[in-house]
Enquirer: 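I'd like to ask you about the structure that follows.
The chain is numbered in sequence order, starting from 1.
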Amino acid sequence: AQWFYLVFSNQYISTPACLEKQLRSLNTTSVNVHEGSNLAALILKAAYYVQQTKYGTAREYSERAVRLADSLQIFQGWSKLILSRALFGQETNFSRAYSLLNQSLALARKENDPALEAHALSVLGMINRRVYFGASLKAIPYHQAALKIGLAQKDTILIAQELLALSLN
């Protein structure tokens, strides 16, 4: 499970504490480790392709990840987050991306997962900026909330990302 922690935290998630929590959850559930590894691999691949701006491929992997996460009842928030990033990147289905992000945000708050919450808020801010074009002020509260979490978690990548997002308003 250590390889997953290192790779996933570097590929998409900037807060290692979140991954530790998710891995502990994975280790304490009755989930088959092989299935959990498959899910982790799907999320990692989707995250990689999002970073490479290959959103169609990212969407394929993340759709599979969401289905598997829902059936296993683990990593649901993260799989929905990465699917929303793929949809946002494709600029084809903002309403579904927005819905998935709100589900991811609700799961983050329910599970007390600040890293997931911050990333969901950040992408919600990006979608608000893109969808409402000139009314980018709608994005500010999302980015401010994500920045607050980043500061509390001492997550320098998230802090820089949110300060940049706020500076674009």
Enquirer: Where do E162 and S122 come nearest, in terms of heavy atoms and distance?
Expert: OE2-OG, 2.5 Å
Enquirer: Donor-acceptor pair, distance only, cut-off 3.5 Å: does the side chain of S62 make one with the backbone of A58?
Expert: yes
Enquirer: Using salt bridge (charged side-chain N to carboxylate O under 4.0 Å, His left out), reason through E60 and R64 one step at a time and then give a plain yes or no.
Expert: CA-CA 7 Å; E60 291 173 24; R64 289 172 48 201; over 6 Å; no
Enquirer: Side-chain heavy atoms under 4.5 angstrom apart, residues restricted to Ile, Leu, Val, Met, Phe, Trp, Tyr: same cluster for L83 and Y48?
Expert: no
Enquirer: Quick check: closest heavy atoms across S84 and L101, and the distance to 0.1 Å?
Expert: OG-CD2, 3.1 Å
Enquirer: Nearest 0.5 Å, please: how far is OG1 in T53 from CD in Q90?
Expert: 11.5 Å
Enquirer: Check for me, please, whether F88 and V131 land in the same ILVMFWY cluster - side-chain distances under 4.5 Å, paths through other members count.
Expert: yes
Enquirer: Working to the nearest 0.5 Å, report the span between CG of L107 and CG of N112.
Expert: 13.0 Å
Enquirer: Tell me the closest heavy-atom pair linking I149 and P114, and the distance in Å.
Expert: CG2-O, 3.3 Å
Enquirer: Does either side chain, that of S104 or that of N102, offer a donor lying less than 3.5 Å from an acceptor on the other one?
Expert: no
Enquirer: Considering only heavy atoms from C-beta outward, does the side chain of L39 approach that of I74 to under 4.5 Å?
Expert: yes
Enquirer: Hey, mind stepping through Y49 and R59 against side chain to side chain contact (heavy atoms under 4.5 Å, CB included) and telling me if it holds?
Expert: CA-CA 9 Å; Y49 287 113; R59 183 176 179 178; over 6 Å; no
Enquirer: Output yes when R96 and E63 qualify as a salt bridge under the 4.0 Å nitrogen-oxygen rule, no when they do not.
Expert: yes
Enquirer: Are I43 and V66 connected into the same hydrophobic cluster when the rule is that any two of I, L, V, M, F, W, Y join if their side-chain heavy atoms are below 4.5 Å apart?
Expert: no
Enquirer: How long is the gap from NZ on K148 to CD on E117, to the nearest 0.5 Å?
Expert: 10.0 Å
Enquirer: To check you understand the geometry: which heavy-atom pair defines the closest contact between G150 and L158, and what is its length?
Expert: CA-CD2, 3.6 Å
Enquirer: Nearest 0.5 Å, please: how far is OG1 in T156 from CG in L151?
Expert: 10.5 Å
Enquirer: Please determine whether side chain to side chain contact (heavy atoms under 4.5 Å, CB included) holds for the pair R129 and H143, giving the CA-CA distance in whole Å, both sets of side-chain angles, and the decisive distance to 0.1 Å.
Expert: CA-CA 11 Å; R129 180 177 295 108; H143 291 298; 3.5 Å; yes
Enquirer: Tell me whether L124 is reachable from L116 by hopping between hydrophobic residues (I, L, V, M, F, W, Y) whose side-chain heavy atoms are closer than 4.5 Å.
Expert: yes
Enquirer: What is the distance from atom CZ of R67 to atom CG of L72, rounded to the nearest 0.5 Å?
Expert: 12.5 Å
Enquirer: Indicate if L68 and L81 have the same hydrophobic cluster label, given that clusters are the connected sets of ILVMFWY residues with side-chain heavy-atom separations under 4.5 angstrom.
Expert: yes
Enquirer: So which heavy atom on Y142 is nearest to which on N128, and how close?
Expert: CE1-ND2, 3.0 Å
Enquirer: To check you understand the geometry: which heavy-atom pair defines the closest contact between V50 and Y55, and what is its length?
Expert: O-CE2, 3.7 Å
Enquirer: Which distance, rounded to the nearest 0.5 Å, do you find between the NE2 of H119 and the CD1 of I82?
Expert: 10.0 Å
